[in-house]
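Below is one structure; the comments refer to it alone.
Computed from a predicted structure; not experimentally measured.
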Amino acid sequence: METQPHVLIFPLPLQGPVNCMLNLAEILCIHDDIHVTFLNTDHVHRRLLSYTDADERFRRYPNFRFQTLPDGMPEDSPRTGEQIVELIQSIEKVTCPLFREMVTAGGSASARSEKPPVSCLIVDGIFPFAVDIAKDIGVPLFYFDTISPCAVWIYLLVPKLIEAGELPFQGDDLDAPVPCVPGMENILRRRDLPNFCQSKTILEDPIIQMVLNEAQYLPKAQGLIFNTFQDIDGPILQQFRSISPNVYAVGPLHAHRKARIDSELPKTSNSIWKEDWSCMEWLDKQPQKSVLYVSIGSLAVISEHQFMELWHGLVKSGVRFLWVQRPGSIIRPSNSESQISKASVELSRETEERGCIVSWAPQERVLAHPSVAGFLTHSGWNSTLESIVEGVPMICWPYFVDQQVNSRYVGEVWKIGLDMKDLCSQDVVERMVREVMEGKKDEFIERSEKLANLAKQSVMEGGDSYQDMERLINDIRHMRI
Ligand code: UDX
């Protein structure tokens with residue numbers, strides 16, 4: 001009798017990738033014959049269990065288990081965007097050998113008896129070591145880079161951009177077009193490429209080696225999984241199909257999970273911060289379509305000056321706002337008194353009148369709330385998809401990685417918001433907030449709602465993402481190498 005399939009899922013241990021891959025894992029788990037091992041780092045797992053019901057939620061699947069490994073980082077490392085290179089390097093040095101041992105031994109000794117041997121790997125695209133490990137144990141590898149497919153495609157083109165002399169940039173004109181990325185002709189300017197492309201010393205930066213590794217190893221996988229859907233990323237998915245035998249566009253995964261499992265959101269999301277639900281009661285008291293939601297995700301950090309410009313801009317715009325101020329997201333100057341503590345009484349009073357501030361929100365619920373009419377976001381891919389699914393127009397202020405290209409697509413391609421890239425001054429914030437929340441509100445909402453419908457259709461039975469998920473499940477069951 002054929003042994004049952006056993007998928008080992010290993011995300012980059014950060015809020016965005018973990019959230020996204022847990023949604024995929026749960027969809028696989030409703031197929032009783034598919035065993036799933038989800039590999040978290042100790043740090044992420046401790047926080048996930050502290051702040052969510054994930055352990056209880058997944059306990060209902062006898063074919064699912066969590067396993068954990070150390071990430072090798074100092075326990076008190078904030079693991080924000082400023083430490084992302086250090087984290088990835090630490091995983092390669094410390095976690096990778098332990099991961100190899102785990103899959104080679106078919107999981108930890110105690111767990112070996114419960115489950116059949118690992119029969120396929122779903123690993124974050126940023127980990128080049130997965131190719132050799134999959135080959136050594138003779139199982140197929142599906143790479144899943146959970147950032148936007150557009151950004152992954154740019155990563156794959158970086159070697160060509162360097163060869164063509166496009167990188168490092170010659171001169172300082174960031175509005176110069178970048179014409180040589182197939183599928184993105186006439187869309188990209190230099191400022192829309194991942195932020196590390198703007199470095200004059202790009203060829204010596206450690207991150208470029210990670211990107212070059214991904215460009216080299218990603219096409220070696222038996223399949224590529226993306227958290228997107230055909231209607232927004234068709235041209236880029238076509239490009240990937242030219243370099244990989246199996247491409248699975250199965251997103252938006254949070255909506256796909258809801259469509260297949262239950263339309264009700266679970267009691268908590270997959271947050272690794274404590275959610276403050278008091279904002280939901282505040283939203284209930286606000287008029288319909290009157291609130292701007294503001295969040296920069298789980299990794300972005302801003303200076304005090306940027307914080308004050310954003311704060312003044314929000315207050316001057318006159319709109320109601322729900323603002324997530326994530327612990328550790330403001331870089332406070334050590335050498336001078338904090339500008340925030342000196343903020344004017346006027347600013348604080350107006351914030352008291354029209355604003356609600358929390359440290360972390362139940363974001364999917366917030367975006368689904370009828371009072372929310374706009375999202376000022378850093379353009380992280382999960383946030384972008386969650387806003388698209390709820391039909392909420394965006395104002396994009398990207399920080400790093402894929403966020404620059406995501407904000408370009410929101411503003412120029414999908415036209416469901418404004419790209420505030422590089423311009424965060426209080427006047428620009430005020431102007432853009434008024435444009436999205438007042439001037440062009442109906443136009444943006446109409447376009448956003450059309451895209452929301454396409455997103456929801458894609459994950460319903462018969463939709464493109466639904467069908468790609470069926471193909472992925474079939475390949476998990478039957479693919480051999
Ligand atoms: C990171 C990268 O920054 C992002 O660019 C990449 O696409 C994915 O990995 P992150 O910065 O955390 O992700 O942003 P994002 O992808 O938007 O993920 C944030 C997640 O946290 C979302 O699922 C969002 O719903 C959730 N969130 C955010 C909350 O639950 N509450 C909050 O207050 C803020």
Side-chain angles (χ1 to χ4, degrees), residues 4-11 16-38 40 48 52-66 119-122 142 144 146 149 223-233 237 246-271 362-365 367-368 381-391 451-479:
Q4 292 185 321
H6 178 187
V7 188
L8 189 140
I9 299 177
F10 183 10
V18 167
N19 187 12
C20 166
M21 289 213 200
L22 273 174
N23 286 318
L24 172 62
E26 197 164 0
I27 293 170
L28 297 182
C29 285
I30 58 178
H31 302 79
D32 301 342
D33 64 314
I34 298 180
H35 293 261
V36 177
T37 294
F38 193 94
N40 262 334
L48 184 71
T52 75
D53 65 345
D55 206 30
E56 175 198 332
R57 189 171 355 127
F58 280 94
R59 214 186 294 280
R60 66 183 170 186
Y61 301 110
N63 49 334
F64 176 89
R65 73 177 174 191
F66 279 115
S119 61
C120 90
L121 299 177
I122 296 179
F142 298 99
F144 184 6
T146 62
L224 301 178
I225 301 170
F226 293 106
N227 183 20
T228 190
F229 58 107
Q230 192 66 25
D231 295 290
I232 59 171
D233 273 327
L237 292 167
N246 300 295
V247 172
Y248 313 90
V250 293
L253 274 166
H254 72 290
H256 206 154
R257 179 207 164 278
K258 265 195 287 192
R260 287 193 185 236
I261 296 175
D262 49 36
S263 54
E264 271 311 299
L265 276 169
K267 284 204 303 288
T268 69
S269 61
N270 298 316
S271 282
Q363 178 162 305
E364 287 184 46
R365 279 170 166 32
L367 290 168
W381 190 236
N382 293 284
S383 294
T384 301
L385 288 174
E386 289 157 11
S387 207
I388 286 175
V389 166
E390 298 305 335
L451 205 50
N453 289 333
L454 291 174
K456 289 168 188 162
Q457 284 163 24
S458 74
V459 297
M460 303 305 284
E461 192 159 353
D464 294 326
S465 294
Y466 189 97
Q467 290 174 359
D468 272 18
M469 183 66 81
E470 291 301 295
R471 191 159 50 83
L472 173 62
I473 289 162
N474 182 60
D475 290 347
I476 283 172
R477 284 186 172 128
H478 304 301
M479 186 182 286

>> Ignoring hydrogens, what is the shortest heavy-atom contact between Gly391 and Ala452? Give both atom names and the distance.
In response: N-CB, 3.7 Å
>> Looking at Ser119 and His6, would you say the former's side chain and the latter's main chain have a donor-acceptor pair under 3.5 Å?
In response: yes
> Who pairs with Thr146 by side-chain hydrogen bond (donor to acceptor under 3.5 Å, both in side chains), at least two apart in sequence or on another chain?
Replying inline: none
> Does anything in residues 456-470 pair up under salt bridge (Lys or Arg N to Asp or Glu O under 4.0 Å), and if so which pairs, sequence neighbours excluded?
Replying inline: Arg260-Glu470, Asp468-Arg471
> Considering all heavy atoms of both residues, which atom of Phe144 and which atom of Ile225 are nearest to each other, and what is their separation?
Replying inline: CD1-O, 3.2 Å
> Got a second to check how far Phe226's CZ is from Asp233's CG, nearest 0.5 Å?
Replying inline: 9.0 Å
>> Restricting to side-chain hydrogen bond (donor to acceptor under 3.5 Å, both in side chains), what partner residues turn up for Asn19, sequence neighbours left out?
In response: Asn270
>> Measuring from atom CD1 of Ile122 to atom CE of Met21, what distance do you get when rounded to the nearest 0.5 angstrom?
In response: 8.0 Å
>> I need the Cys29 SG to Ile261 CD1 distance, nearest 0.5 Å.
In response: 8.0 Å
>> For Asn382 versus Pro17, what's the shortest heavy-atom pair and its separation?
In response: ND2-N, 4.4 Å
>> Working to the nearest 0.5 angstrom, can you tell me the gap between Leu22 CG and Ile27 CD1?
In response: 11.5 Å
> salt bridge (Lys or Arg N to Asp or Glu O under 4.0 Å) with Asp33: which residues, sequence neighbours excluded?
Replying inline: Arg477
>> Test of understanding: with ring-ring contact (aromatic ring centres under 6.0 Å, His included), list the residues that count as partners of Phe142, not counting sequence neighbours.
In response: Tyr248
>> Among residues at least two apart in sequence or on other chains, which ones pass side-chain hydrogen bond (donor to acceptor under 3.5 Å, both in side chains) with Tyr61?
In response: Glu26
> Is there side-chain contact between Asp262 and Arg257, with at least one heavy-atom pair below 4.5 Å?
Replying inline: yes
>> Minimum heavy-atom separation for Ser269 and Arg57, please, with both atom names.
In response: O-NH2, 3.1 Å
> Do Val36 and Asn63 have side chains that get closer than 4.5 Å, going by heavy atoms?
Replying inline: no
>> With heavy-atom distances below 4.5 Å as the criterion, would you say the side chains of Ile9 and Leu28 are in contact?
In response: yes
>> Run the side-chain contact (heavy atoms from CB on, under 4.5 Å) test against Ser458 and tell me which residues pass, sequence neighbours left out.
In response: Phe229, Pro252, Ser465
> How many angstroms lie between CG in Asp32 and CD in Gln4, if you round to the nearest 0.5 Å?
Replying inline: 9.0 Å
> Of the non-hydrogen atoms in Ile388 and Ile232, which two are nearest, and what is the gap between them?
Replying inline: CD1-CD1, 4.3 Å
>> Applying ring-ring contact (aromatic ring centres under 6.0 Å, His included), can you list everything that pairs with Phe64, at least two apart in sequence or on another chain?
In response: Phe58, Phe66
>> Which heavy atom of Val389 sits nearest to which heavy atom of Ala455, and what is that distance?
In response: CG2-CB, 4.1 Å
> Can you find a heavy atom in the side chain of Met479 that is under 4.5 Å from one in the side chain of Asn246?
Replying inline: yes
>> Can you list everything that forms a side-chain hydrogen bond (donor to acceptor under 3.5 Å, both in side chains) with Asp55? Sequence neighbours excluded, please.
In response: Arg59
> In Å and rounded to the nearest 0.5 Å, what is the CD to OG distance from Glu364 to Ser383?
Replying inline: 10.0 Å
> Are the side chains of Met469 and Leu24 in touch, meaning some heavy atoms are under 4.5 Å apart?
Replying inline: yes
